[in-house]
Amino acid sequence: MPELPELVNFKQYIDSTSLHQKIAQVEVLEPDILSNTDSEKLRSALEGLEFKAAAVHGKYLFLQTTDSYQLVLHFGMTGRPVYYKKEEQQPDYPRLLITFTNGYHLAFDCMRMLGKVSLISDQNKFIEEKNLGPDALKEVSSVEKFLELFSSKRGMIKTALMDQSLLAGIGNVCSDEILFQSRIHPKTPVNDLKKEQLKKIYDNMHSVLKTKIEAGLSPDGLPNSYILKHRSEGAQCPSCGSKIKKIKVGGRSAYYCPNCQKK
DNA sequence: AATATTGTTCAGCA
DNA sequence: GTGCTGAACAATAT
């Protein structure tokens, strides 16, 4: 589930737990999660260094070290970082385990192994190789930029919002909320959208991302007016009371209100 | 027991 | 190149 707002929360978590401590040990418990490196390379590169900063781009988290290396984490659908000290606090699915000299551990916990860990030295090069668009929050920060991105885009609006090569960070859950707040049907072709509607989507993109960041990792903190609190088939729309519908859009499940969100 | 879920990547087709 | 679909990946809940 980790989309941009969760990533920002992960960054804050790393900032407050794992920076400026010497890495004593690096254990790869599941080599399949490594993408451009191997266990031995990762170990020899990281041991003895410290993490000095964390940065987010879309759904990727970059951990910068005191050397030129950066550890890149992608959390797939079920990943999260877990910082702990005692063995009994170890999460259930640690795939990479970093131990600091203070005795604490940082685990890359990932139940379904769809997460990825890379070791890189050039962040911009990585972003280019992965063909990632600008970060939806930090880099798509004016409505003009947003309109320009979408001006040459075709296809359905939900699919476009989730297209990481167009703009990075929005997944299935956030795109549902952005379109619900905008009262726009997820299958609306981008071509058909009026400028006013695209502006509305831009505004809601920012407000949804920020609201989710402030709500933290538990959905309880979200406003009741959000569809995310009612994201199941047949649930009541928080705006009009109609039943929420589920349809397939580009192979993904989209939840929407057929009364509020018309094409 | 079959199905849905979640994000990315890749193959095949128009 | 672009858009669309479906499959694959893994493990869990229903």
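Throughout, a chain's letter reflects where its sequence line sits, starting with A, and its residues are numbered from 1.
For the pair A:D32 CG and C:dA11 C1', the computed distance is 14 Å after rounding to whole Å. The separation between A:L4 atom CG and B:dT8 atom P is 11 Å, rounded to whole Å. Here C:dC4 presents its P atom at 10 Å from CG of A:D163, a figure rounded to the nearest Å. Atom CE in A:M162 sits about 10 Å away from atom C1' in B:dG7, given to the nearest Å. For the pair A:Y60 OH and B:dG7 P, the interatomic distance rounds to 13 Å; values are reported in whole Å. One can place CG of A:N131 at 9 Å from P of B:dT9, the figure rounded to the nearest angstrom. The distance from atom CZ of A:R252 to atom C1' of C:dG3 is 17 Å, rounded to the nearest whole Å. Distance, A:L114 CG to C:dA11 P: 9 Å, rounded to whole Å.
Of the candidates C:dC4, B:dT9, B:dT5, C:dC4 carries the atom nearest the A:M156 side chain, counting heavy atoms from C-beta on. Relative to the side chain of A:K59, the nucleotides C:dA10, B:dA4, B:dT8 differ in distance, and B:dT8 lies closest. The side chain of A:H74 lies closest to B:dT8, out of B:dT5, B:dT8, C:dA11. Picking from C:dA11, B:dT5, C:dG3 the nucleotide with the shortest atom distance to the side chain of A:K246 gives B:dT5. Across C:dT5, C:dG3, B:dG7, the shortest atom-to-atom separation from the side chain of A:N172 is found for B:dG7. Looking at the side chain of A:Q164, the nearest of the listed nucleotides B:dT8, C:dA11, B:dT5 is B:dT8. Considering only the side chain of A:R154, C:dG3 comes nearest among B:dT9, C:dG3, C:dA10. The A:M111 side chain lies nearest to C:dA11 when the options are C:dA10, B:dT9, C:dA11.
A:N172 and A:K158 form a side-chain donor-acceptor contact under 3.5 Å, judged by distance and modelled atom types alone. With no hydrogens or angles considered, no side-chain donor-acceptor pair links A:T65 and A:D67 at under 3.5 Å.
Comment: A:D176 engages A:R231 in a salt bridge, judged by a side-chain N to carboxylate O separation of less than 4.0 angstrom.
Residue contacts for A:G171: at a heavy-atom cut-off of 4.0 Å it reaches the sugar-phosphate backbone alone, with no base atom in range. If you check every strand for non-hydrogen atoms under 4.0 Å, A:T159 touches nothing.
One finds no side-chain N or O of A:K158 lying less than 4.0 angstrom from the OP1 or OP2 phosphate oxygen of C:dG3. Contact check, A:K116 against B:dG7: no side-chain N or O comes under 4.0 Å of OP1 or OP2. Considering only side-chain N and O atoms, A:K153 lies under 4.0 angstrom from the phosphate OP1 or OP2 of C:dG3. The side chain of A:Y255 places an N or O atom within less than 4.0 Å of a non-bridging phosphate oxygen (OP1 or OP2) of B:dT5.
The distance from atom OH of A:Y255 to atom SG of A:C257, rounded to the nearest 0.5 Å, is 15.0 Å.
The aromatic rings of A:F51 and A:F100 stand perpendicular to each other, their planes meeting at an angle above 60°, with 30° marking the opposite boundary.
Centroid-to-centroid, the aromatic rings of A:Y83 and A:H105 stay 6.0 Å apart or farther.
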